[in-house]
Amino acid sequence: MDVVAEIITYLKQTLTVPVSSEVPATHPARFVTVGRIGGADVELLSTPRVDIDTWGTSDLDASTIGETVKDAMFALAHTSGLISDVYRSSYYRSDVDGYHRYTGTYEITRNID
């Protein structure tokens, strides 16, 4: 399974907000997107980097959703048969689109299935 698809499936089971790989056409007030931004695949090991954006009704709401995502992502290594480690390398606010959004960048160690 693709790492983005695996993370989306996992977060959908964990969170109470919509989760997808793209911003929905009708922008909900609260939601999460997951996208791969880089990393490497060698032999049986993959080290993808993903951005997980959290949108909320306020900066505090978006940040709170982001903290819930962070906790879920750190727990992922204990629930996934393929992912063995998750590291959050940066966390920053981005309001370039006029919405309340936070972005967490995660580095993942994953066995290739």
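Considering only heavy atoms from C-beta on, Arg88 stays 4.5 Å or farther from Met73 through its side chain. With contacts defined as side-chain heavy-atom distances shorter than 4.5 Å, the pair Leu60/His100 does not qualify. In this structure, Ile52 and Leu11 have side chains that are in contact, with non-hydrogen atoms separated by less than 4.5 Å. In this structure the side chain of Asp53 never reaches within 4.5 angstrom of the side chain of Phe31, judged on heavy atoms. By the 4.5 Å heavy-atom criterion applied to side chains, Thr105 and Val50 are not counted as neighbours.
Annotation: the span from Ile37 atom CD1 to Asp51 atom CG amounts to 4.0 Å, rounded to 0.5 Å. Remark: Arg110 CZ to Thr47 OG1 distance equals 11.5 Å, nearest 0.5 Å. Taken to the nearest 0.5 Å, the CD1 atom of Ile65 stands 11.0 Å off from the CH2 atom of Trp55.
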Acceptor/donor pairs from residues 74-84 side chains to any protein atom, 3.5 angstrom cut, sequence neighbours excluded:
unit_1 : atom_1 : unit_2 : atom_2 : d
Thr79  : OG1    : Leu76  : O      : 3.2
Ser80  : OG     : Glu6   : OE2    : 2.6
Ser80  : OG     : Leu82  : N      : 3.0
Ser80  : OG     : Ile83  : N      : 2.9

Using a 3.5 Å cut-off and no angle test, enumerate the donor-acceptor pairs between side-chain atoms of residues 14-29 and protein atoms at least two apart in sequence or in another chain.
unit_1 : atom_1 : unit_2 : atom_2 : d
Thr14  : OG1    : Tyr10  : O      : 2.8
Ser20  : OG     : Glu22  : N      : 3.4
Ser20  : OG     : Glu22  : O      : 2.5

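A search for side-chain hydrogen bond (donor to acceptor under 3.5 Å, both in side chains) contacts involving Glu107 returns nothing, not counting sequence neighbours. Residues meeting the salt bridge (charged side-chain N to carboxylate O under 4.0 Å, His left out) test with Asp41, sequence neighbours left out: Arg36. For Asp71, there are no salt bridge (charged side-chain N to carboxylate O under 4.0 Å, His left out) partners two or more places apart in sequence or in a different chain. For Arg49, the salt bridge (charged side-chain N to carboxylate O under 4.0 Å, His left out) criterion is met by no residue, not counting sequence neighbours.
When all heavy atoms of Gly56 and Ala62 are compared, the pair lying nearest together is N-CB, 3.6 Å.
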